[in-house]
Amino acid sequence: MLISMQDIRDKLDALENKLREWYVEREDVALTICDALVAQMNHLQISEPGRGKSAIVRSAVQAVTDGRYFEKQIGEQTPLDEVLGGKSIKALKDRDEDERNISGRIADVEYPFMDEIFKGNDTLRSPLLGIINERLYTNGRKTVYCPLRTLFAASNELPKANDAFLARFAYRLFVVAINERSNFLKFVHQVREKDAPDTASVGLTVKELDAAHKDMRENIQWGTEADETFWAIREAFRKEGLLFNERTAGWIASRVVPARAWRRGSSVIEAEDFSILEHCLGNTPKDIPKVKELIYKISNPVLEEARKTIDSATLAYQGAVEMVQKNSENREQAYGDAGTKLEKLIKRLDRRISETNGKANEVLADAKSQVVEIATKNAMEHGNVPRSVLEAMMQKELA
């Protein structure tokens, strides 16, 4: 039976939407997990404890109904047996071979999850590096091909500089706490009802994801626009001292960016597909703002403009909230000043929307919608809604 690529895209979109809906403010994690399933590249989350890193991985893998899963929390004293499997007495007795029973362990599944991966000792790390990178494991005298498609991993702490494991992850997400009150309460009420979303109903299979990966590798075209965009990013990074090596560049060109184009339903890589690199090229949280700025300025300047406008709106509102928290007598002035800033941002977006069309127009319109939401919250606190905000609110209601 012929496998439809569009059906697989639809299933991945459904999975991403389920993850985004349940794991609020984890849109980037949801998107990159689904991209990683197509790219068959490794995916890492780093955050403080209790941010739902393990939960979102389990939910994602549950959607691959026949995907074999192995999970292990790593500690400094974790023995090889618990990750690679115990020694085979039969092999030792019958053939005098020092082999392991790898069935069901990391070298024998498609989607393993290693929690606290950077805590492993050198004895554990050495054989894992080959499995993670080359998908090969030497078991006794035999070299075994591992069925691993995507290794998911998490850590509650940053790795040491130049950690060998970090270099094996194409996707690197730095996860923060839920920020918005409405999102936090939404999450709380969801988990009061059940522990996790139903993702098994998505019904992905390993065969479908392999077909998607094959189609991506064979049919996504890399043209002049991709050449120029990638070189511009590489040069911008070099000037800022944020170098990435040739192995990483190879992953980006052969899998990460093509997976983004494939999921969009395009057969040709466009500059905007390189925006995904904001989740691939940062080694520490402090790198991220500069990484985002460089990548978006080159790959999607309109999206960068929208992002900066939303950031400015958020900072204006949060600044007012913090000022009022310090001194409630400043309430009217704080929210009034923030309202003035937000009104200017909305007017600027209105002007830019009138000057653009196509994708750029959609991006700016979405940014305006988000700024209007922030301005509305600010106005409700202030008790005086500016006319431009009221008009924007009415337009949103009519739409």
Any side-chain donor paired with an acceptor under 3.5 Å for [X] and [Y]?
X: His43; Y: Thr32; value: yes
X: Lys72; Y: Thr78; value: no
X: Ser275; Y: Ser299; value: yes
X: Arg172; Y: Asn283; value: yes

Is there a donor-acceptor pair closer than 3.5 Å between any side-chain N or O of [X] and the backbone N or O of [Y]?
X: Asp115; Y: Glu71; result: no
X: Gln333; Y: Asn330; result: no
X: Arg263; Y: Arg9; result: no
X: Glu110; Y: Pro147; result: no
X: Asp108; Y: Gly104; result: yes
X: Ser369; Y: Ala365; result: no
X: Asn42; Y: Ala170; result: no
X: Ser354; Y: Arg351; result: yes
X: Thr65; Y: Leu204; result: yes
X: Lys53; Y: Glu48; result: yes

As an exercise, state the distance from [atom1] of [X] to [atom2] of [Y], rounded to the nearest 0.5 Å.
X: Lys18; Y: Thr199; atom1: NZ; atom2: OG1; result: 7.5 Å
X: Tyr317; Y: Thr376; atom1: OH; atom2: OG1; result: 10.5 Å
X: Ser155; Y: Ile46; atom1: OG; atom2: CD1; result: 5.5 Å

Query - Counterpart residues, side-chain hydrogen bond (donor to acceptor under 3.5 Å, both in side chains), relative to Asp366 (two or more places apart) - result: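 side-chain hydrogen bond (donor to acceptor under 3.5 Å, both in side chains) check on Asp366 returns Gln370.
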Give a yes or no on whether [X] atom [atom1] has more than 12 heavy-atom contacts from other residues, nucleotides or ligands under 6.0 Å away.
X: Asn357; atom1: CG; result: no
X: Glu218; atom1: CD; result: yes
X: Gln6; atom1: CD; result: yes
X: Met323; atom1: CE; result: no
X: Asn327; atom1: CG; result: yes

Hydrophobic clustering (ILVMFWY, side-chain heavy atoms < 4.5 Å, transitive) - are [Y] and [X] grouped together?
X: Phe113; Y: Tyr23; answer: yes
X: Val29; Y: Val191; answer: yes
X: Ile33; Y: Val38; answer: yes
X: Leu151; Y: Ile102; answer: yes
X: Leu128; Y: Tyr137; answer: yes

Query raised in the report: What pairs with Lys341 under salt bridge (Lys or Arg N to Asp or Glu O under 4.0 Å), at least two apart in sequence or on another chain?
Result: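 Testing Lys341 for salt bridge (Lys or Arg N to Asp or Glu O under 4.0 Å), a comparison that skips the adjacent residues, returns none.
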**Report entry** Ring geometry between Phe244 and Phe237 (parallel below 30°, tilted from 30 to 60°, perpendicular above 60°)
**Finding:**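 Plane angle over 60°, so perpendicular.
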Query raised in the report: Do the numbers put Arg125 on top of the ring of Phe165, so that NZ or CZ is under 6.0 Å from the six-membered ring centre and no more than 45° off the axis?
Result: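 Judged by the rule, Arg125 and Phe165 form a cation-pi pair.
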Could you list the donor-acceptor pairs under 3.5 angstrom formed between side-chain atoms of residues 250-258 and any protein atom two or more places apart in sequence or on another chain?
| from | atom 1 | to | atom 2 | distance (Å) |
| --- | --- | --- | --- | --- |
| Ser254 | OG | Gly250 | O | 2.8 |
| Arg255 | NH1 | Ala39 | O | 3.3 |
| Arg255 | NH1 | Gln40 | O | 3.2 |

For [X] and [Y], work out which heavy atoms get closest and say how close.
X: Asp198; Y: Ser201; result: OD2-OG, 3.2 Å
X: Leu15; Y: Ala63; result: CD1-CB, 3.7 Å
X: Thr229; Y: Ile298; result: O-CG2, 3.9 Å
X: Ile374; Y: Ala313; result: CG2-O, 3.6 Å
X: Gln318; Y: Asn179; result: NE2-ND2, 3.5 Å

Using a strict threshold of under 4.0 Å (side-chain N to carboxylate O), is an ion pair present between [Y] and [X]?
X: Asp210; Y: Arg149; result: yes
X: Lys308; Y: Glu304; result: yes
X: Lys326; Y: Glu322; result: no
X: Arg307; Y: Glu278; result: no

Requested in this report: Test Glu235 against Lys239 for salt bridge (Lys or Arg N to Asp or Glu O under 4.0 Å), laying out the working first.
Outcome: CA-CA 6 Å; Glu235 287 301 281; Lys239 289 177 182 177; over 6 Å; no
Report task. Report yes if the distance between the aromatic ring centroids of Trp222 and Phe274 is under 6.0 Å, otherwise no. Result ->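 Judged by ring-centre distance (under 6.0 Å), Trp222 and Phe274 do meet the cut-off.
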Query raised in the report: With respect to Lys186, which candidate in Glu25, Glu193, Glu21 satisfies the salt bridge (charged side-chain N to carboxylate O under 4.0 Å, His left out) definition?
Result: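 Testing each of Glu25, Glu193, Glu21 against Lys186, the sole residue satisfying salt bridge (charged side-chain N to carboxylate O under 4.0 Å, His left out) is Glu21.
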